[in-house]
Amino acid sequence: MPEHRSEPSDPHPLSDLDEWESFLQERYPQPRAASSFRDYGSNVRPAVREFYRLNHRHQTLDFVRAKQRQYLALDHREMSIWEAMEFLNTLVDDSDPDTDLSQIEHLMQTAEAIRADGHPRWFILTGLIHDLGKILCLFGEPQWAVVGDTFPVGCRYSEKVVFPEFFRDNPDWEVAEYQTECGIYEPACGLDRVHMSWGHDEYLHHVVRDYLPEEGLAMIRYHSFYAAHREGAYTHLMNDDDRRRMEWVRAFNPYDLYSKGHEPPDVPALRPYYEDLIAEFFPPRLAW
Ligand SMILES: [Fe+2]
């Protein structure tokens, strides 16, 4: 008989969302420094393990469909992009205030790194906004339904997803239809048709989908899909468009993972540049 697991009382095991991203940096170090890659499992902080346990346990196909119904009508708020950045900044951060930057500072660091490399304006803007979907936390969603590596639901889990053993606690594990290679999907059906585990990527994609080029939309929608863009999994569900999109997601990933230092950008000085950039692509208000 399987061991009974009692549900923990804390639905927010991470001290803050950055703890997940710090884990990603350890799991996927920059190629130059990649010596500890295979060891990531042994020294993971207990909070991060617990976070992934909850994520893999609760992200069922039914849960994802319910969140799509709840959020994709975009009827929660109207805000400008800048207002959303300021709203995200109100996320209470439990960790050391001396070393942690605000969410706006993190976003600007990503954008500034893209800008410094001479990339197009839509790419810089994508860097600036890519994590705004984390406002889901402020709508009351638990951490495991906001961040974490994303993965398709309704089909067999790849061993390339971090902590694949935790999927055994997901009720979908027992649904035979969902545990074939393609599950409820057709081979090569395209990721557009695939339900991804729910989180900030998918949500923001829908908020901004009418305003950014498809390359930027792909970066936003799949930036946490590490099993695909770093590990090469789930190609059996992809079509040619997806393979092209994954190249853009890979181009974006280093800026997401490795551009966040401890030196805060000068937000007031940079704000006019970014307000112009936002106005070039977005209307004054968006539905969230
Ligand atoms: Fe993110």
Side-chain angles (χ1 to χ4, degrees), residues 12-30 47-48 51-52 54-56 59 64 67 71 81 84-91 93 95 100-114 119 122-139 141-152 161-162 191 196-209 212 215-231 245-246 248-261 265 288:
H12 303 285
L14 304 177
S15 62
D16 63 83
L17 299 187
D18 293 341
E19 196 171 1
W20 167 60
E21 308 211 319
S22 300
F23 164 76
L24 287 178
Q25 288 173 3
E26 286 162 28
R27 184 179 183 223
Y28 296 111
Q30 281 182 284
V48 172
F51 162 77
Y52 276 107
L54 292 171
N55 175 277
H56 290 10
Q59 291 271 0
V64 168
K67 289 298 154 187
Y71 284 106
I81 291 287
M85 291 170 66
E86 290 181 328
F87 184 43
L88 183 63
N89 237 19
T90 66
L91 253 188
D93 197 337
S95 55
D100 276 11
L101 302 187
S102 72
Q103 297 291 327
I104 286 184
E105 288 169 329
H106 271 330
L107 289 169
M108 268 195 188
Q109 280 183 327
T110 303
E112 284 290 287
I114 295 166
H119 289 300
W122 62 261
F123 194 163
I124 302 168
L125 182 58
T126 298
L128 183 74
I129 68 168
H130 76 281
D131 271 345
L132 289 182
K134 289 179 180 173
I135 63 170
L136 285 170
C137 271
L138 296 163
F139 294 152
E141 294 299 326
Q143 292 166 340
W144 55 263
V146 178
V147 296
D149 310 32
T150 57
F151 51 86
V161 179
V162 64
L191 293 178
M196 299 294 294
S197 56
W198 179 254
H200 69 288
D201 312 53
E202 183 70 13
Y203 173 56
L204 183 68
H205 166 78
H206 283 267
V207 173
V208 302
R209 63 186 306 168
L212 285 179
E215 295 89 342
L217 294 176
M219 292 172 182
I220 288 168
R221 195 175 200 178
Y222 301 116
H223 75 273
S224 305
F225 192 8
Y226 280 82
H229 69 72
R230 288 290 288 249
E231 305 277 3
R245 289 189 188 111
M246 281 301 139
W248 288 104
V249 179
R250 285 185 194 104
F252 174 71
N253 184 241
Y255 298 106
D256 186 17
L257 270 193
Y258 312 124
S259 66
K260 293 163 186 159
W288 296 80

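The shown structure was predicted, so the numbers you read here are calculated from the model rather than taken from an experiment. FYI, the numbering just counts along the sequence from 1. Every number for a ligand or one of its atoms is a count from 1 in the order of the listing.
Relative orientation of the Y255 and H119 rings is perpendicular, given thresholds of 30° and 60° on the angle between their planes.
Evaluation of the ring-ring contact (aromatic ring centres under 6.0 Å, His included) rule for W144 yields H58, F63 as partners, not counting sequence neighbours. By the ring-ring contact (aromatic ring centres under 6.0 Å, His included) test, H200 pairs with H223, sequence neighbours left out.
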Report all side-chain donor-acceptor pairs from residues 122-130 shorter than 3.5 Å, counting only partners two or more places apart or in another chain.
unit_1 : atom_1 : unit_2 : atom_2 : d
T126   : OG1    : W122   : O      : 2.7
H130   : ND1    : G127   : O      : 2.8
H130   : NE2    : D256   : OD1    : 3.1

From CA spacing to verdict: ring pair (Phe, Tyr, Trp, His ring centres under 6.0 Å), H56, F151: CA-CA 10 Å; H56 290 10; F151 51 86; 5.5 Å; yes

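The number of protein N/O/S atoms found under 2.8 Å from the Fe ion (ligand 1) is 3.
Salt bridge annotation for K67-E141: present, with a cationic side-chain nitrogen under 4.0 angstrom from a carboxylate oxygen.
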